Structures are given as C-alpha cells and as structure tokens.
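Please read the structure below before turning to the comments.
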Protein chains: 2
Amino acid sequence: IIEARHLKKHYKTGEKIIKALDDVTLSIEKGEFVMVIGPSGSGKSTLVNMLGGVDVPDDGEVIFRGEPLGKTSRELTQFRRRYVSFVFQFYSLIPTLTAKENIELAAELVIKSRKELTKIAEEALEAVGLGDRKNSYPSQLSGGERQRVALARALSKKPELLIIDEPTGQLDEETGQRIVELIRDTSKAQGTTVLMVTHDLELEKFSDRVLKMRSGKILEG
Amino acid sequence: IIEARHLKKHYKTGEKIIKALDDVTLSIEKGEFVMVIGPSGSGKSTLVNMLGGVDVPDDGEVIFRGEPLGKTSRELTQFRRRYVSFVFQFYSLIPTLTAKENIELAAELVIKSRKELTKIAEEALEAVGLGDRKNSYPSQLSGGERQRVALARALSKKPELLIIDEPTGQLDEETGQRIVELIRDTSKAQGTTVLMVTHDLELEKFSDRVLKMRSGKILEG
Ligand SMILES: Nc1ncnc2c1ncn2[C@@H]1O[C@H](COP(=O)(O)OP(=O)(O)OP(=O)(O)O)[C@@H](O)[C@H]1O
Ligand SMILES: Nc1ncnc2c1ncn2[C@@H]1O[C@H](COP(=O)(O)OP(=O)(O)OP(=O)(O)O)[C@@H](O)[C@H]1O
Ligand SMILES: [Mg+2]
Ligand SMILES: [Mg+2]
C-alpha cells in the first residue's frame, strides 16, 4: 500500500553532510506489520516520518495507493488526517486535556457521536490498562502511563497506516509486550498497516517482517 | 550517604487513592551504583525524584549525610544545585541551546573558566560519541542522540549524587550498554553515588545492587 522510491534526506551541519536517508527503496503491503530496527541515528524516525507525510525527501518519492504523495503542506496535512495515525518518539499528549480527552480528540476525526466517542475512548484506555485513570492529566501519569495513552489514542482513530516510533522505551518488558500484542491484534482486525520503530528485539515475534537500517540505508536480507 | 525513612507519597484522583510510595525505607552508600527496577507506575520516578530533592513526601524523611533534607523550595533548590545531577525521564534539553551549550550550562555551576567549560563540554560530547554534533540544536538530533547529550550534561557537573531515570529507552542495545558503562566508570572515578531507574535488565551487570519496586514498595531481597 505504501512504497518508497530512492528516498534521500541529507542535512548539512557545519561543513558536514549527514545522510539521514541514503537511497531508500521499499514496499509495504496493506495489513502488514513491519518492524524497523537499527542503531541510534541510523535514520529510522526520518524514514517513518517521511512515509507518514510528516516531511518531504530531498530526492525520491513516497507512493501511497499508487499515487505520489503531495509535496505541499496542505496536501500532506490532508493525507495524514485522512489516513495516518502516529505515536511519535516523544509522544505529544496535549497537557491541558485528560487521558480520555486526548483520545476523544483523535477519534473525533472519524466519529461524530458524543456517546460513541466516550465509549471508544474508555474502551481504548481499558485496553491499555488505564481504565481507572481517564480523568488524569498527562502530568499526573507516569512515563509509561503516558506512553500507553498515546498508543490508545493512535489506535482509536482506526487509521489506514499506523506509525509508532519507539512504543515501549518507557515500559517494563511485560507491559511492553502486552501493549504491542494489543496493537498487533487490533491492527489485524482492522486491516491497518503498521510500521513500528523499536530497539526492543523481543518484539520481533509480533511482526510480519523486519527492516534493518544503518547509516541511512536499508540492509539487504 | 542518602537514606529514605518510611517515605509515603499518595495522590488522590477522583475518589481513588494512588499510593505512589507506600512506606519506603532504604539506605545507599557513598559511591554505590544502585539500579531501581519495577513495572510501569510502580513508583520509581517518584522515589528517585524525592531522593534528589525534587519533591517532598507526605510522610517520612530523606536524610543526606546524616541531615534531613529541608522542606522549603529554597532549601531543596540549594541541595539540588550543590549536590545532585539529573537525567529526567523526559530529559529536558533546552531547545534554544546547542548540544555544547546545554552541557556548558550544567558545568557552569561548578566551573568558572570559559576555556575549561568548553573543554569539559567537548570531552563529554566526545565520550558519548557526539563530538561532531556540538553545534547541533536538540531539534536536529535523533531521539537517542538527545538522550546521550542529556547524559553527557549530567556527568559534566561532577555531582555527589547522579540520578538517571530511564537512560537507555531511546537507545539501541549496544549504544545503551556503552553509555551506561561510561556512566559507571566516570562515577566510580569521581566517587559519585548513582541511582539509575531502568527497564533494561541487561544493565544489571553495571550496578552494585538492585532495588525492585512494585506498587509503591521496595521488595525484599
Ligand atoms: N502528580 C500526580 N498525580 C496523580 N498521580 C500521580 C502523579 N504522579 C505520579 N502519579 C501516579 O503515581 C504512580 C507512580 O508514578 P511514577 O511516575 O513514580 O511511576 P514509575 O514507576 O516511574 O512508572 P514508569 O515506569 O511508567 O515511568 C503512578 O500510578 C502514577 O500515575
Ligand atoms: N533537523 C535535522 N538537522 C540535522 N540533522 C538531523 C536532523 N534530523 C535528524 N538529523 C540527523 O539525521 C540522522 C538520522 O536521524 P533519525 O532521527 O532518523 O535517527 P533514528 O534512527 O531515529 O535514531 P534514534 O534511534 O536515536 O531515535 C541522525 O544523525 C540525526 O542527528
Ligand atoms: Mg528515532
Ligand atoms: Mg518513571
């Protein structure tokens, strides 16, 4: 459903060129669960942000459902709103909204009924083990609890493409495994395509395929 | 060098009481490297923040060098500035300062010479593998690179007590191990006492002792 064709993204810092993406080509099928791994600084966030329409490449192209992604801010915003849900590496809960309201806001884009919004948000929080914390603000939650709310929010939108960048870094092994299993099960049921960036190799069992990155490139095999 | 005596910290959310700390007593020797582990929400950040003078308990006491910590904001600020360095769970680099400037700012509290500040900052960045990124702003760094700058900053202050909350969550295994080994070696050389909260059990080999938490308590053994 989504392809990358010869993506390049370079940054110039001082006199040095950093090749965040160095000629990346790949293809991901609808409904696939793909894990992206690699050392710190190897280009993972840059890649998944580009596939999700957060940034544009210097060269090359992202193709979604056979059509190139637009390049303007407006086109990219529309693409993201319509098709993509993110859990960013620094997961961006809105501090002035409660856990429940954070999820309702994301779900609002696809659901209109107040009653159904509330139900979706509460079910999502229950699923990540935070049903009793729906009225807590982000500042009242532990690091891992915030991460779980961000994951619940991303799932509630029922996206076509779900991009998750480091979903378990703040979670203990058991909680992390449980959450990723939930993501896998929910996405399979919904036909959602998932890209998950992670350093936790224990999570490989949940994926259909693993892409390894190093220095801006996808490694073969 | 630092003790906790019957610490309690409870939060009331709606009609529910959350016992973040539920009668914690412990003692840490000067120069010890202590690892704190436990599930998400078990009270780890609450505990280490309290031992580092970021918060006060509802009940109980923190003792540093045989003296109870003050309770006023001013006393706690003085304690922290003089004795403690932190890497918080969400690591708080100042976005308008470069990597080098973030470190210099922390080191400024103990070092006055411009030339020595620059040297300390550059050596610290070199040690975490980011010597060539000293003029990058946090927004130009990957997640793991930011984490490494935060760690470099904490070490440059040469603190009495170093508190690190989830230092490797955004790092690949190899980079994470290298960084924690660096922390261990530097702290041993400096006689620094270290409390490290982590979910990565592979890091145990670097510690002198492990404290396990669950539901606001320290588990025996
Ligand atoms: N300001 C607050 N108001 C209400 N509850 C809070 C507040 N701060 C923390 N808590 C709750 O206290 C408990 C312990 O929080 P703490 O941040 O210490 O956990 P933790 O062990 O660090 O978890 P994690 O591994 O997810 O970071 C959690 O249930 C959390 O939701
Ligand atoms: N805005 C920017 N300006 C300059 N360099 C950048 C910028 N954004 C990213 N980079 C650099 O591009 C490289 C790839 O960054 P990216 O965030 O994709 O890495 P990553 O694989 O996600 O790393 P991590 O595991 O640490 O999160 C890094 O060296 C990073 O410092
Ligand atoms: Mg990243
Ligand atoms: Mg914590």
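Here the structure is a predicted model, which is why all the values come from computation and not from measurement. Naming: A, B, ... by sequence-line order, numbering from 1 per chain.
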**Request:** Verify the neighbour count for atom CD of A:E173: are there more than 12 heavy atoms of other residues, nucleotides or ligands below 6.0 Å?
**Result:** yes
**Request:** Heavy-atom distances under 4.5 Å only: say whether B:S45 touches chain A with side chain, backbone, both or neither.
**Result:** neither
**Fill in**
So, the part of B:S40 with a heavy atom under 4.5 Å from chain A: the answer is both
**Prompt:** If you tally heavy-atom pairs under 4.5 Å against chain B, which of A:G169, A:G176, A:G38 wins?
**Reply:** A:G169
**Message:** Donor-acceptor check, side chain of B:H199 to backbone of A:Q170, threshold 3.5 angstrom: yes or no?
**Reply:** yes
**Prompt:** Most heavy-atom pairs under 4.5 angstrom with chain A, which of B:R148, B:K44, B:Q140?
**Reply:** B:R148
**Request:** Write down the atom of A:L76, the atom of A:G70, and the distance for their closest heavy-atom approach.
**Result:** CD2-O, 3.3 Å
**Request:** Specify which of A:T198, A:N135, A:T13, A:D172 makes the most heavy-atom pairs with chain B at under 4.5 Å.
**Result:** A:D172
**Request:** Could you tell me which non-hydrogen atom of A:A154 sits nearest to which non-hydrogen atom of A:L162, and how far apart they are?
**Result:** CB-CD1, 3.6 Å
**Request:** Could you look at B:E145 and say if it's the side chain, the backbone, both or neither that has a heavy atom under 4.5 Å from chain A?
**Result:** both
**From CA spacing to verdict: salt bridge (charged side-chain N to carboxylate O under 4.0 Å, His left out), A:K217, A:D23** = CA-CA 7 Å; A:K217 291 180 178 293; A:D23 194 4; 5.9 Å; no
**Fill in**
Per-residue tally against chain B (heavy atom, under 4.5 Å) across A:G41, A:S42, A:S136 peaks at A:G41
**Prompt:** For B:L141, is it the side chain, the backbone, both, or neither that has a heavy atom closer than 4.5 Å to a heavy atom of chain A?
**Reply:** neither
**Asked** Do NZ/NE/NH1/NH2 and the carboxylate oxygens of B:R114 and B:E104 come within less than 4.0 Å?
**Response** yes
